[in-house]
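Take a look at the structure below.
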Amino acid sequence: MIVITEFMDEAAVREGLACRDVIYDPSLVDRPEALAPLLAKAHALIVRNRTQVRPALLDLAPNLRVVGRLGVGLDNIDMEACKTRGIAVCPALGANDDSVAEYVIGTAMLLLRGAYQSNAAMVGGEWPRNRLTGREISGKVLGLIGFGGIARATAQRAVALGMSVVAYDPFLSADSPVWSQPWGKATPSSLDDLLAKSDLVSLHVPLTDDTRRMIDTDAIAKMRDDAILINAARGGVVDEAAVIAALKAGTLGGAALDVFEAEPLKATAGADFADVPNLVLTPHIAGVTVESNDRVSWLTVKNVLQHLEPAQA
Ligand SMILES: O=C(O)[C@H](O)COP(=O)(O)O
């Protein structure tokens with residue numbers, strides 16, 4: 001049996017998993033009592049980022065052979081526990097790169113330009129041309145923290161728009177071929193240099209002990225006062241209170257947060273973000289578009305079937 005606990009493209013379920021024993025119920029993530037008996041029979045489990053694949057869940061799934069992850073972040077999955085039990089984990093690598101890259105560039109342009117929040121004023125008879133004179137993205141420096149697939153897709157778009165790109169990635173050596181792609185060049189940088197020189201800083205790292213709160217008050221102090229910060233990676237990498245304080249103080253030019261330390265935002269935590277200038281909040285959708293949902297879903301179907309039925313897949 002294949003158990004799917006969160007939303008995915010329904011055609012991929014219907015057509016890609018036809019003739020298989022499938023339970024597709026996106027509400028299962030919130031109904032552990034309903035999920036438990038299904039896990040007892042599951043050979044494959046398909047999840048997004050909310051289902052916590054921890055030992056407590058795995059203990060209920062003695063027949064589980066593969067976990068398909070409808071995305072790339074793995075912080076909701078205990079990789080070690082899966083490995084010990086011989087369970088393969090398959091992220092949908094590459095399938096939402098373009099979606100996140102477009103979010104980063106589009107949101108950066110929106111924040112730099114600063115011109116799209118004036119409907120109410122204009123309808124009220126104002127004509128705020130001078131106040132809404134914003135900035136261009138062309139000629140600016142993009143600093144990418146982490147230089148994996150999503151960051152490279154972002155760099156490709158940035159170069160096409162006339163930006164120069166610096167990136168910090170301690171897992172890539174300076175002579176790695178990824179720094180010189182056919183579409184342009186990214187310059188390896190130390191974190192401090194990147195923070196000091198970038199007009200736009202975008203995060204592309206997983207949440208680990210090394211990356212937790214790597215963008216805190218000290219890091220923001222190293223950034224330019226007019227810099228834009230975008231976090232479409234994982235909540236917890238950024239100290240949210242530090243971002244709020246810097247935006248209010250005018251020591252950060254703008255920020256977009258798509259991911260949060262606690263998701264979904266509770267009304268009380270959300271209130272901290274109210275009336276913060278030049279701040280864009282989105283509910284963990286940078287990687288989710290109609291197109292990426294289709295790609296991610298079909299790739300996950302393929303990944304899971306390959307593990308269940310290697311000869312036929
Ligand atoms: O990790 C990811 O790829 C992103 O968080 C989007 O995936 P999700 O919507 O499945 O979490």
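Index from 1, following the sequence. Numbering of ligands and ligand atoms starts at 1, following listing order.
Under a 4.0 Å criterion applied to the non-hydrogen atoms of G73, ligand 1 contributes the atoms 1 (O), 2 (C), 3 (O). When each atom of ligand 1 is checked for a heavy atom of H284 under 4.0 Å away, the hits are 4 (C), 5 (O), 11 (O). Near N49, meaning under 4.0 Å from one of its heavy atoms, ligand 1 places the atoms 8 (P), 10 (O), 11 (O). Shown in contact with N96 at under 4.0 Å from a heavy atom are these atoms of ligand 1, numbered in order with element: 2 (C), 3 (O), 6 (C). Residue contact check: G71 has heavy atoms under 4.0 Å from atoms 2 (C), 3 (O), 7 (O) of ligand 1. The ligand atoms of ligand 1 that sit less than 4.0 angstrom from a heavy atom of V288 are 9 (O).
Looking at Y168, its side chain never comes within 3.5 Å of a backbone N or O of L195 through a donor-acceptor pair.
The two atoms that bring I228 and M223 nearest to each other are O-CE, 4.4 Å, heavy atoms only. Considering all non-hydrogen atoms of both residues, S173 and D175 come closest at OG-OD1, 2.7 Å. Of all the heavy atoms in I77 and C82, the pair that sits closest is CG2-SG, 4.0 Å. Closest of all the heavy-atom pairs between P91 and N303 is O-ND2, 3.5 Å.
What sits closest to atom 8 (P) of ligand 1 on the protein, heavy atoms only, is R69 NH1, 3.5 Å. Looking at atom 9 (O) of ligand 1, its nearest protein heavy atom turns out to be R48 NE, 3.3 Å. Of the protein's heavy atoms, V72 N, 3.3 Å lies nearest to atom 2 (C) of ligand 1.
Ring orientation note: the planes of F260 and F273 are nearly perpendicular, at an angle over 60° on the 30°/60° scale.
In this structure, E6 does not count as a contact residue of ligand 1, since none of its heavy atoms falls inside 4.0 Å of the ligand. Heavy-atom separations between G287 and ligand 1 are all 4.0 Å or longer. Remark: distances from the non-hydrogen atoms of R234 to ligand 1 include one below 4.0 Å.
For ligand 1, the polar-atom distance check against L70 finds a nitrogen or oxygen pair separated by under 3.5 Å.
A side chain to side chain donor-acceptor pair (under 3.5 Å) with N49 holds for exactly one of R69, R234, H284; it is H284. Between N293 and the choices D9, N96, L70, the side chain to side chain contact (heavy atoms under 4.5 Å, CB included) rule is met once, by D9.
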Under 3.5 Å, which donor-acceptor pairs link side chains of residues 102-129 to any protein atom two or more places apart or in another chain?
residue	atom	partner	partner atom	Å
Y103	OH	T282	OG1	2.7
T107	OG1	Y103	O	2.6
E126	OE1	R131	NH2	3.2

